[in-house]
**Student:** 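Would you mind keeping the following structure in view while I ask a few things?
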Protein chains: 2
Amino acid sequence: MQKKTVRSAPMPAYEQIKRHVLAQIESGALRPGDVVPSETELVKEFGVARMTVSRALRELMAEGVLNRVRGSGTYVAPRQYESTVLQIRNIADEIAARGHRHSARVLALEASDDPNAIAALELGTGPVFHSRIVHSEEGEPIQYEDRYVNPEVFPEYLAQDFTAETPNHYMVRLAPIQRAEFRIYAQKPDARVRQYLEMEIGEPCLLLLRRTWVGRHVATSVRLWHPASRFHLAGTV
Amino acid sequence: MQKKTVRSAPMPAYEQIKRHVLAQIESGALRPGDVVPSETELVKEFGVARMTVSRALRELMAEGVLNRVRGSGTYVAPRQYESTVLQIRNIADEIAARGHRHSARVLALEASDDPNAIAALELGTGPVFHSRIVHSEEGEPIQYEDRYVNPEVFPEYLAQDFTAETPNHYMVRLAPIQRAEFRIYAQKPDARVRQYLEMEIGEPCLLLLRRTWVGRHVATSVRLWHPASRFHLAGTV
DNA sequence: AAGTGGTCTAGACCACGAC
DNA sequence: TCGTGGTCTAGACCACTTT
């Protein structure tokens, strides 16, 4: 009963196995519903005891990443369906998780000198970057995104193609978000928002305001309007 | 390497240990900050291997019930109903924090056989307890609370005076909330809610649905309507 | 029958904190 | 130094599903 040779990385074996499986899911090598290698196979692959593999897979199941069925096997879980306030998720991921098609229409992508936006980003002077995008799920508009971006944090923002990648995904990919502040309102949309979201007159919006920090900089300040009939927020504490 | 004698209950040993610790916390025998018996002690008490105790305590830490410090010990975690993001706060406290006066009007306080409520509380049969209360800030209504309560968790609920203490405060005082699930909607209020909240016709509501757990019981399921013009949610991540 | 996951044992080595 | 938790091993028995 001797511990095997020291691993190069100071990371527990079960954690390495978890990351290995997660990486395969993120890369698309493993898709929802796919069979994950069995405990026995992972034992051989990683040269560890079965308890260690078992813990890794059990924790991934507790995290909602995998489903395990005794006698059958381990499967990649379908993605979660409800958006959450607690996590800064990507509208495109949420839509994809529901098995639906996401599309984005870029209404504006420009520099701006709006003093309110400059203040919200806690900058002294402008210009700042500004984008307005309508996100749709299966062709039905579900979010009107009005976003201001700190050029010091994302200098290449205006050069991106936000029909291919959402601003949120782009920013998360480039910089780790360290803090976020949000406010949630029920609000009647103005005429422009109502039209872009194809809403009935009188239907309210669920409005989410969010500012996120990267280091000491306010990276972005965004207002997200959602038609009340087609969207809600959810989460657990 | 023989498995020990068959347990009377068909429940894993680690699960029994978890329930034992949770029961002590719920009964008040263990309070936040208290030291939980060490792995070695629990190994002796339950006659199991250390890995089994370790798993039980590790899972309770993952659930936020315990804190574990290597070299020091295992401790009961502080109650978290105010530390997290969408805080499970008391409307009366929030109003008091603004230096304002809170008042409550109890519209109903009764037993109910509503099958939806019974299902929401994950009970087999009713009756369950039901209350409807309008909360006001400086005399201005700010929240319409429609709450169902699990009688197994709060048997004395109907005997309380909720003009003096809010249901939320009463429940938090009696039992530690361990988990909460919420959903947030923008919604047009029905006529009754609109009237009690003294809202203009056409003004939307911010509707917060929340279920909270005490141990393995759904303790309460509540719908909170707020006039959009006078209320919003906020938090940080 | 063979393979899967679920649980458990009785040890072990280690990093860390309190004393 | 001693006790604590963190991880790991190399087996084992079991319930269950698939073939």
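Only this structure's heavy atoms are used, side chains among them; waters, hydrogens and symmetry mates stay out. Quick note on labels: first sequence line is chain A, next is B, and so on, each numbered from 1. Predicted, not measured: the structure shown is a model, and the values here were computed from it.
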**Student:** So does A:Tyr14 get a side-chain nitrogen or oxygen closer than 4.0 Å to the phosphate oxygens (OP1/OP2) of D:dT7?
**Tutor:** yes
**Student:** Is the backbone N or O of A:Tyr75 less than 3.5 Å from a side-chain atom of A:Asn67, with the two atoms forming a donor-acceptor pair by type?
**Tutor:** no
**Student:** With under 30° as parallel and over 60° as perpendicular, where do the rings of B:Tyr170 and B:Phe162 fit, or are they tilted in between?
**Tutor:** perpendicular
**Student:** Does a nitrogen or oxygen in the side chain of B:Arg68 sit under 4.0 Å from OP1 or OP2 of D:dG6?
**Tutor:** yes
**Student:** Scan A:Thr74 against the nucleic acid and name what it touches under 4.0 Å (heavy atoms): base, sugar-phosphate only, or nothing.
**Tutor:** sugar-phosphate
**Student:** side-chain hydrogen bond (donor to acceptor under 3.5 Å, both in side chains) with B:Glu156: which residues, sequence neighbours excluded?
**Tutor:** none
**Student:** Atom CD of B:Glu15 and atom C1' of C:dT7: how far apart are they, to the nearest Å?
**Tutor:** 12 Å
**Student:** Rounded to whole Å, please give me the gap between CD in B:Glu39 and C1' in D:dC8.
**Tutor:** 14 Å
**Student:** With salt bridge (charged side-chain N to carboxylate O under 4.0 Å, His left out) as the rule and sequence neighbours excluded, what pairs involving residues 65-75 of chain B come up?
**Tutor:** B:Glu39-B:Arg68
**Student:** Kindly write out the residues that satisfy side chain to side chain contact (heavy atoms under 4.5 Å, CB included) with A:Ser221, not counting sequence neighbours, or none if the list is empty.
**Tutor:** A:Ala120, A:Leu121, A:Arg211
**Student:** Could you work out, with side chain to side chain contact (heavy atoms under 4.5 Å, CB included) as the rule, every residue matching B:Pro151, not counting sequence neighbours?
**Tutor:** B:Leu123, B:Val128, B:Phe129
**Student:** Check the phosphate of D:dT9 against A:Thr52, side-chain N and O only, distance under 4.0 Å to OP1 or OP2. Yes or no?
**Tutor:** yes
**Student:** Would you tabulate the nitrogen or oxygen pairs shorter than 3.5 Å linking the protein to nucleotides 15-19 of chain D?
**Tutor:**
residue	atom	partner	partner atom	Å
D:dT17	O4'	A:Gly71	O	3.3

**Student:** For D:dT4, does OP1 or OP2 lie under 4.0 Å from any side-chain N or O of B:Thr40?
**Tutor:** yes
**Student:** Grab the NZ-P distance between A:Lys18 and D:dT7 for me, whole Å please.
**Tutor:** 10 Å
**Student:** Between C1' on C:dT7 and CZ on B:Phe46, what's the gap in Å once rounded to a whole number?
**Tutor:** 17 Å
**Student:** Report the residues that fulfil side chain to side chain contact (heavy atoms under 4.5 Å, CB included) with B:Ala186, sequence neighbours left out, ordered by chain and then residue number.
**Tutor:** A:Ala186, A:Pro204, A:Leu206, A:Ala228
**Student:** Applying side-chain hydrogen bond (donor to acceptor under 3.5 Å, both in side chains), name anything that partners B:Arg132, two or more places apart in sequence or on another chain.
**Tutor:** B:Tyr144
**Student:** Expressed in angstrom and rounded to an integer, what is the separation of B:Met51 atom CE from C:dA10 atom C1'?
**Tutor:** 11 Å
**Student:** Within this structure, what is the CE-to-C1' distance between B:Met11 and C:dC8, rounded to whole angstrom?
**Tutor:** 17 Å
**Student:** Between A:Arg105 and A:Ser136, is a side chain to side chain donor-acceptor pair (under 3.5 Å) present by the stated rule, with each step listed?
**Tutor:** CA-CA 8 Å; A:Arg105 178 177 165 200; A:Ser136 296; over 6 Å; no
**Student:** Whole-Å distance between D:dG3 C1' and B:Arg50 CZ?
**Tutor:** 11 Å
**Student:** When you measure from the side chain of B:Ala49, which nucleotide among C:dG6, C:dC8, C:dT9 comes out closest?
**Tutor:** C:dT9
**Student:** Quantified as the angle between the terminal helix axes (five pairs each), what is the overall bend of the helix from C:dA1-D:dT18 to C:dA18-D:dT1 to 10 degrees?
**Tutor:** 0°
**Student:** Excluding sequence neighbours, so at least two apart, what forms side-chain hydrogen bond (donor to acceptor under 3.5 Å, both in side chains) with B:His135?
**Tutor:** B:His102, B:Glu145
**Student:** For the side chain of B:Arg55, counting heavy atoms from C-beta on, which of D:dG5, D:dC8, C:dT7 is nearest?
**Tutor:** C:dT7
**Student:** Distance check needed: D:dT4 P versus B:Asn67 CG, whole Å only.
**Tutor:** 18 Å
